[in-house]
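Pasting a structure here, questions to come.
In what follows, chains carry the letters A, B, and so on, assigned in the order in which the sequence lines appear, proteins first and then strands, with residues in each chain numbered from 1. These figures come from a predicted structure and were not determined experimentally.
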2 protein chains.
Amino acid sequence: MPQHLIRKLEHFARLSYDDRHALEEAARQRGRLFDAHQDIIREGDAPDHVNLILEGWACRYKTLEDGRRQIISFFLPGDLCDPHVFVLREMDHSISTITHVRLAEISRDTLLSLTERHPRITQALWWEMLVAAAVQQEWTVNLGQRTGLERIGHLLCELFIRLRGVGLTNGNSCILPVTQMDLGDATGLSNVHVNRVLQEMRISGLVVLKGKHLTVPDLEALQRVSLFNVNYLHLDREGRHLDANGSEQPPQDSAAATPERC
Amino acid sequence: MPQHLIRKLEHFARLSYDDRHALEEAARQRGRLFDAHQDIIREGDAPDHVNLILEGWACRYKTLEDGRRQIISFFLPGDLCDPHVFVLREMDHSISTITHVRLAEISRDTLLSLTERHPRITQALWWEMLVAAAVQQEWTVNLGQRTGLERIGHLLCELFIRLRGVGLTNGNSCILPVTQMDLGDATGLSNVHVNRVLQEMRISGLVVLKGKHLTVPDLEALQRVSLFNVNYLHLDREGRHLDANGSEQPPQDSAAATPERC
DNA sequence: GAGAGAACTTCACCTGTGTGAATACGTGGT
DNA sequence: ACCACGTATTCACACAGGTGAAGTTCTCTC
């Protein structure tokens with residue numbers, strides 16, 4: 001079930017059959033379904049489990065008193081919302097769905113036993129957390145220094161590459177289920193300006209965006225105009241084979257190659 | 001030596017005498033001194049230890065190809081730069097000093113044994129990491145949604161409260177050793193605009209800023225105009241006594257009150 | 001305590017992005 | 001097949017904040 005999570009973690013660590021089985025077990029417990037635009041957790045709630053997105057998109061956001069809203073991060077299939085939040089007494093922000101979402105609630109105990117018994121998973125979850133932090137830092141740069149076009153271009157690059165990492169792209173294309181307002185709330189731009197920028201990107205052929213379908217004819221070009229540097233996604237596992245574009249080769253089954261467990 | 005770190009961690013956990021002693025030991029090894037404006041770690045370096053700031057200020061930053069620079073976070077005395085970075089193969093950003101800095105390099109092994117033997121410290125370090133992540137998220141909101149005045153006001157509130165948490169304020173005042181350019185690089189504003197905003201804040205009496213001395217006559221007022229909500233700093237340890245302003249009572253020695261160790 | 005460089009301040013002018021509103025388009029529900 | 005509402009598009013105008021440059025004031029250092 002949690003193919004996306006497993007696929008993502010394998011960017012970093014070679015998981016054994018056992019590891020993968022344990023992740024599957026963890027994801028099987030307490031599944032939940034949400035419609036689009038529902039809050040999953042609200043500011044002030046006391047977190048007592050971790051949400052693993054199995055299907056659909058969600059986002060973390062904060063709202064200011066006067067209604068201004070900032071999307072702080074996007075959650076894609078395979079993403080864990082805050083491993084170890086339970087350390088904090090209450091949430092300082094909310095998480096809501098963007099599309100229809102299927103997720104697994106993973107209890108504190110499950111997560112604990114998972115990490116105790118599977119050092120590879122522990123390592124991989126550390127990597128996942130640090131990459132999430134690096135993404136947040138890159139967003140800081142995005143909002144602080146980049147122009148409107150660069151911001152949106154950068155965000156599209158990031159989302160496309162993250163989607164590719166969990167197998168949710170199809171050649172140059174993917175599904176982008178966010179409205180222009182969402183893009184604005186994530187990039188600190190007004191919906192009007194997001195629209196202007198998208199028109200510009202369409203005209204210059206950087207993106208093809210129709211409904212919820214995004215095509216990026218030339219990802220390198222988009223990266224170039226957005227000053228996008230992949231490093232921060234830390235996709236560079238030692239010994240992994242990348243093609244010229246940084247996309248991974250068809251995954252070979254690594255169970256045989258990694259007999260050691262724990 | 002690491003009084004600031006200990007004082008900060010005690011916002012979250014009651015540390016035993018042993019815990020504190022272990023932290024002191026860890027901070028004693030491999031001390032280093034830096035002048036102002038020196039890089040501590042550079043993008044591309046492979047991290048193999050964690051830096052604990054004992055004295056002085058530092059910052060994490062990224063530079064775009066064309067020279068634009070974004071300060072991503074400030075490190076104050078008592079701050080740990082990225083516990084567990086060693087999981088990543090190389091740094092995707094740099095850290096440099098702002099003032100003269102004294103720090104301790106804590107090796108991977110030291111940190112491991114520290115957390116293995118001291119569950120309280122482990123918990124407290126988790127809290128520290130999660131708060132750092134929450135700060136980063138709040139910066140995302142700051143850069144994405146707030147006006148110039150709100151951004152700078154918010155940053156000043158955050159720094160003042162963090163300094164207070166490690167005992168580096170004196171009533172309404174503290175030392176703020178950053179230039180207006182640094183403030184601009186942190187808030188995504190030009191130095192000229194930072195200056196405009198500071199003048200405005202001076203005129204309205206929100207801050208008194210002379211040289212490196214900052215006084216905030218009315219912190220609540222500054223928080224109000226900056227839409228600052230302390231929640232994200234998670235200073236609310238169960239059972240801790242706060243006065244009306246959220247500043248802590250003089251620290252009572254908690255060793256006697258917490259006989260349990262480990 | 002004089003000189004030099006960094007930091008701060010102010011100015012005039014410019015532009016990227018926001019605002020509010022009107023219009024057009026899409027798509028799901030009945 | 002139609003209605004309705006969310007979404008996208010476009011326009012005209014306003015303004016927050018950027019730019020470049022010219023002082024001015026600190027604050028070191030010798």
Side-chain angles (χ1 to χ4, degrees), chain A residues 35-38 57 64 66-71 96-100 142-155 175-203 207-214 225-226, chain B residues 35-38 57 64 66-71 97-100 142-155 175-203 207-214 225-227:
Chain A
D35 276 344
H37 310 297
Q38 307 290 312
W57 285 42
L64 300 185
D66 61 4
R68 282 177 274 174
R69 170 171 176 266
Q70 176 69 38
I71 291 182
S96 86
T97 62
I98 288 173
T99 64
H100 184 87
N142 211 27
L143 292 166
Q145 301 298 328
R146 283 187 252 260
T147 66
L149 190 128
E150 291 164 352
R151 288 188 211 183
I152 294 189
H154 193 280
L155 178 58
I175 302 287
L176 189 80
V178 299
T179 64
Q180 294 186 1
M181 260 217 77
D182 292 332
L183 287 179
D185 286 348
T187 53
L189 302 168
S190 67
N191 55 344
V192 173
H193 199 61
V194 168
N195 189 274
R196 285 198 270 251
V197 166
L198 288 178
Q199 299 303 349
E200 197 183 335
M201 295 178 89
R202 280 196 257 246
I203 288 167
V207 302
V208 180
L209 191 53
K210 246 189 168 162
K212 308 261 160 264
H213 291 266
L214 167 69
V225 307
S226 314
Chain B
D35 277 343
H37 310 296
Q38 307 291 312
W57 285 42
L64 300 186
D66 61 4
R68 281 176 274 175
R69 171 171 175 266
Q70 176 69 38
I71 291 183
T97 62
I98 288 173
T99 64
H100 185 87
N142 211 28
L143 291 166
Q145 300 298 326
R146 284 187 251 259
T147 65
L149 190 128
E150 291 163 350
R151 286 189 213 182
I152 293 190
H154 193 280
L155 178 58
I175 303 287
L176 189 80
V178 298
T179 65
Q180 293 185 3
M181 260 218 77
D182 292 333
L183 286 180
D185 286 349
T187 53
L189 301 168
S190 67
N191 56 345
V192 173
H193 199 62
V194 169
N195 190 273
R196 285 198 271 252
V197 166
L198 287 178
Q199 299 303 350
E200 197 183 336
M201 295 178 90
R202 280 197 256 247
I203 289 167
V207 303
V208 180
L209 192 52
K210 246 188 168 164
K212 308 262 162 261
H213 291 266
L214 168 68
V225 308
S226 314
L227 306 177

Exercise for the section: Only counting residues at least two apart or in another chain, list the ones meeting side-chain hydrogen bond (donor to acceptor under 3.5 Å, both in side chains) with Asp35(A). Expected result: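 Result, side-chain hydrogen bond (donor to acceptor under 3.5 Å, both in side chains) vs Asp35(A): none returned.
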
Handout entry: Comparing Arg146(A) and Thr179(B) on DNA chain C - which has the more 5′ nearest nucleotide
Key = Thr179(B)

Exercise for the section: Of all the heavy-atom pairs spanning Gly153(A) and Met201(A), show the shortest one and how long it is. Expected result: CA-CE, 3.7 Å

Handout entry: Separation of dT9(D) C1' from Ile203(A) CD1 (nearest whole Å)
Key =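 Going from CD1 in Ile203(A) over to C1' in dT9(D) covers 12 Å.
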
Exercise for the section: Specify the residues of residues 184-199 of chain A, ordered by number, for which at least one heavy atom lies under 4.0 angstrom from an atom of DNA chain C. Expected result: Gly188(A), Leu189(A), Ser190(A), Val192(A), His193(A), Arg196(A)

Exercise for the section: Measure from CG on Leu143(B) to C1' on dT17(C) and round the result to the nearest Å. Expected result: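 For the pair Leu143(B) CG and dT17(C) C1', the rounded distance is 16 Å.
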
Problem - Rounded distance (Å) that lies between atom C1' of dG28(C) and atom NE2 of His37(A) - result: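 His37(A) atom NE2 is separated from dG28(C) atom C1' by 13 Å.
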
Practice task
Could you state the atom-to-atom distance from CZ of Arg68(A) to C1' of dA16(D) in whole Å?
Solution key: 13 Å

Practice task
Round to the nearest Å and state the distance from Leu149(A) atom CG to dT17(C) atom P.
Solution key: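 Roughly 9 Å, once rounded to whole Å.
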
Exercise for the section: Using the test salt bridge (charged side-chain N to carboxylate O under 4.0 Å, His left out), find all partners of Arg202(B) that sit at least two apart in sequence or belong to another chain. Expected result: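 Not a single residue meets the salt bridge (charged side-chain N to carboxylate O under 4.0 Å, His left out) criterion with Arg202(B).
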
Handout entry: Whole angstrom value for the distance that separates C1' of dT27(C) from NZ of Lys210(A)
Key =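 Rounded to whole Å, this separation is 16 Å.
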
Hey, what are the protein-to-nucleotides 23-30 of chain D N/O distances that come in under 3.5 Å?
none

Practice task
Please answer whether the main-chain N or O of Asp182(A) pairs with a side-chain N or O of Thr179(A) as donor and acceptor at a distance below 3.5 Å.
Solution key: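 Confirmed, Thr179(A) side chain pairs with Asp182(A) backbone.
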
Practice task
Please state whether the phosphate of dT9(D), meaning OP1 or OP2, lies under 4.0 angstrom from any side-chain nitrogen or oxygen of Arg202(A).
Solution key: yes

Handout entry: Nearest non-hydrogen partners of Leu189(A) and Arg151(A), listed with the distance
Key =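 Nearest heavy atoms, Leu189(A) then Arg151(A): CD2-NH1, 4.0 Å.
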
Practice task
Taking Gln145(A) for its side chain and Arg69(B) for its backbone only, find out whether a donor-acceptor pair lies under 3.5 Å.
Solution key: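 Such a contact is found between Gln145(A) side chain and Arg69(B) backbone.
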
Practice task
Identify which one of Asn191(B), Asp185(B), Asn195(B) satisfies the side chain to side chain donor-acceptor pair (under 3.5 Å) criterion when paired with Gln180(B).
Solution key: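 Exactly one candidate clears the test, Asn195(B).
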
Problem - Separation of atom CZ in Arg69(A) from atom P in dG18(C), rounded to whole Å - result: 16 Å

Exercise for the section: Return the set of residues passing side-chain hydrogen bond (donor to acceptor under 3.5 Å, both in side chains) with Thr99(B) (not counting sequence neighbours), or none when no residue passes. Expected result: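 Thr99(B) satisfies side-chain hydrogen bond (donor to acceptor under 3.5 Å, both in side chains) with no residue once adjacent residues are dropped.
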
Problem - d(CG, Asp182(A); P, dA8(D)) in whole Å - result: 8 Å

Exercise for the section: For Arg146(A), enumerate each residue passing the side-chain hydrogen bond (donor to acceptor under 3.5 Å, both in side chains) test, keeping only those at least two apart in sequence or located in another chain. Expected result: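 Glu138(A), Asn142(A), His154(A).
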
